[in-house]
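Everything on this sheet refers to the single structure shown next.
Keep in mind that the numbers below use all heavy atoms, side chains included, and drop hydrogens, waters and symmetry copies. We name chains A, B, ... by the order of the sequence lines, and we start the count at 1 in each one.
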Protein chains: 2
Amino acid sequence: MSRTAGSSGAKTLAAIREAGLQLIYEHGYEAMTLRRLAREVGLQPGSLYNHIATKQELLFDLIHNHMITLLESLDKALEGHTAPVESLKAFTAFHLTYHIERKREVFIGSAELRSLDPENRDIIVDLRRTYEDRLCAILDAGRASGDFVVEDVRVATYAILAMLTGICTWYDPGGRIDREALIRIHERLVLDGVTKNR
Amino acid sequence: MSRTAGSSGAKTLAAIREAGLQLIYEHGYEAMTLRRLAREVGLQPGSLYNHIATKQELLFDLIHNHMITLLESLDKALEGHTAPVESLKAFTAFHLTYHIERKREVFIGSAELRSLDPENRDIIVDLRRTYEDRLCAILDAGRASGDFVVEDVRVATYAILAMLTGICTWYDPGGRIDREALIRIHERLVLDGVTKNR
DNA sequence: TATAAAAACGAACATACGTTCTTTTATTTT
DNA sequence: AAAATAAAAGAACGTATGTTCGTTTTTATA
């Protein structure tokens, strides 16, 4: 046997990425074998190396792509909002939506940080920090304008992110609660948490 | 060579548990090799089997012990509190304290769920559900008494747990914020989230 | 249409893994 | 003090893993 009829590099690579994403999400990077991945895509193990350099590079590629897309989408979602309250609402809605829609990428992006080689990890950690800084800036602005009352901006940032991100680990898109309701509930939780109202 | 002078079963098992906890926390269950674990404890790989049955059993043992301790400690912490507001404060304080002190156990207890054999996983998932139910009950009571205004108790439960648990992934005990301040901040965040105040 | 490049196969390599087994020595029990 | 048990060593087994390589066939280029 040899090259298969109809085979195309771009298509195969996309299939490898998708299958890799799913397998790493389900079993973890270490537990995913390239033989299993190859079988899923319909290839022999060695043939994977026509498309990826190493297993590690595939992982980094998946996470890096995710982080870039996440940041670009966020900046688009925040465009046009100037008032801190509106920005915070926009952030919350975006974060929830994205984390529900890209559940697997998000999960891998944090759970598999430790599976990355040090240099690769550093790059991703930097991008994560940039994302956090966006929320930090909103809280800072709201504090300056008097809209928010926050004891410690960094703590509030992490608390909010932790709460919102935690959702994607249990939320069931086909379940009892629809996305709009979920966003509404959390907008209130987040706003109440940073608003003076005693 | 053979049995080492001063060797004792109980001590060695404790050392295996501690080293296993640390290694799984750092690298993940799949990435931790028994050879590395043995080296850490100062044993030959085969000698581990005088103390553990399998690698899988060690993982289950660590997580199961953690869950049992968690539940017992929670019930002790909630004792004596009857008013929903007080119960919720007690829950928050306990949850934070425990999750900061037992960071590694907590992390493994959720991150390595997927590395458990199905039967083992079922047991742990049941215990987790029991823990969640404690918070659910507090919110239900507060809703019945009129102290809390919660749109959906299950959602609020998960949101609160997600927020509080997320903290243990970044909190630095030796850092800028001391534990009391952290608890105070989060008690406010949680209470505001479930209290009517518009 | 001839030639170069791409994409697959299939076999193989070196290594590492969880685990088992036999043997030896230290500790505990009688 | 003798016998039984527990805990370690050390070697080995079978298997699985990431990866490489030579070959073959299909697609793209000239």
Side-chain angles (χ1 to χ4, degrees), chain A residues 1-21 23-24 26-63 108 112 114-120, chain B residues 1-21 23-24 26-63 108 112 114-120:
Chain A
M1 307 271 168
S2 59
R3 179 165 187 173
T4 308
S7 67
S8 136
K11 271 187 175 181
T12 306
L13 178 56
I16 290 173
R17 283 217 183 93
E18 165 58 28
L21 189 68
L23 286 174
I24 296 174
E26 278 176 27
H27 307 105
Y29 173 76
E30 297 283 353
M32 175 193 75
T33 74
L34 291 186
R35 281 170 174 77
R36 175 76 192 276
L37 176 61
R39 183 151 39 85
E40 213 79 26
V41 182
L43 291 181
Q44 292 297 318
S47 303
L48 291 172
Y49 287 84
N50 285 316
H51 307 276
I52 64 171
T54 63
K55 190 188 178 190
Q56 168 73 204
E57 195 225 49
L58 172 62
L59 176 64
F60 175 72
D61 180 56
L62 289 173
I63 298 180
I108 292 174
E112 297 298 352
R114 64 178 166 193
S115 302
L116 287 171
D117 289 344
E119 322 89 61
N120 286 340
Chain B
M1 309 270 167
S2 60
R3 181 167 186 174
T4 308
S7 68
S8 137
K11 271 186 173 180
T12 307
L13 178 56
I16 290 173
R17 283 218 184 93
E18 167 58 29
L21 189 67
L23 286 174
I24 295 174
E26 278 176 27
H27 308 105
Y29 173 76
E30 297 282 353
M32 175 194 76
T33 75
L34 292 186
R35 280 170 173 78
R36 174 76 191 276
L37 175 61
R39 184 150 39 85
E40 213 79 26
V41 181
L43 290 181
Q44 293 296 319
S47 302
L48 291 173
Y49 288 84
N50 284 314
H51 307 277
I52 64 170
T54 63
K55 190 188 178 190
Q56 168 73 205
E57 195 225 48
L58 173 62
L59 176 65
F60 175 71
D61 180 54
L62 288 173
I63 298 180
I108 292 173
E112 297 298 352
R114 65 176 166 195
S115 301
L116 288 171
D117 289 343
E119 322 89 62
N120 286 340

Quiz prompt | Touch class at under 4.0 angstrom, heavy-atom based, for A/Leu43 against every strand present | solution = sugar-phosphate
[atom1] of [X] versus [atom2] of [N]: gap in Å, rounded?
X       : N      : atom1 : atom2 : result
A/Tyr49 : C/dA11 : OH    : C1'   : 16 Å
B/Lys11 : C/dT27 : NZ    : C1'   : 14 Å
A/Arg39 : C/dG10 : CZ    : P     : 16 Å
B/Leu58 : C/dT19 : CG    : P     : 10 Å
B/Leu34 : C/dT20 : CG    : P     : 11 Å
B/Gln44 : C/dT19 : CD    : P     : 17 Å
B/Arg35 : D/dA9  : CZ    : C1'   : 14 Å
A/Gln56 : D/dG18 : CD    : C1'   : 13 Å

Quiz item: Between B/Gln56 (side chain) and B/Asp117 (backbone), is there a donor-acceptor pair under 3.5 Å?
Solution: yes
Quiz item: Quick one: does A/Glu26's side chain have a donor or acceptor within less than 3.5 Å of a partner on B/Arg114's backbone?
Solution: no
Exercise. Find which nucleotide of DNA chain D each of A/Gly46 and A/Thr33 is nearest to by heavy atoms, and output the residue with the more 5' nucleotide.
Key: A/Thr33
Self-check item: Under-3.5 Å donor-acceptor pair between B/Asn50 side chain and D/dA8 base
Solution: yes
Any chance you could measure [X], atom [atom1], to [Y], atom [atom2], to the nearest 0.5 Å?
X       : Y        : atom1 : atom2 : result
B/Leu59 : B/Leu116 : CG    : CG    : 4.5 Å
B/Leu48 : B/Leu13  : CG    : CG    : 10.5 Å
B/Tyr49 : B/Lys55  : OH    : NZ    : 9.0 Å

Practice problem: Output yes when at least one side-chain N/O atom of A/Thr12 is less than 4.0 Å from OP1 or OP2 of C/dA7, else no. | Solution: no
Exercise. For C/dA8, take OP1 and OP2 only and decide whether either is under 4.0 Å from a side-chain N or O of A/His51.
Key: yes
Quiz prompt | Selection from D/dA8, C/dA8, C/dC9 that lies nearest to any side-chain heavy atom of B/Ser47 | solution = D/dA8
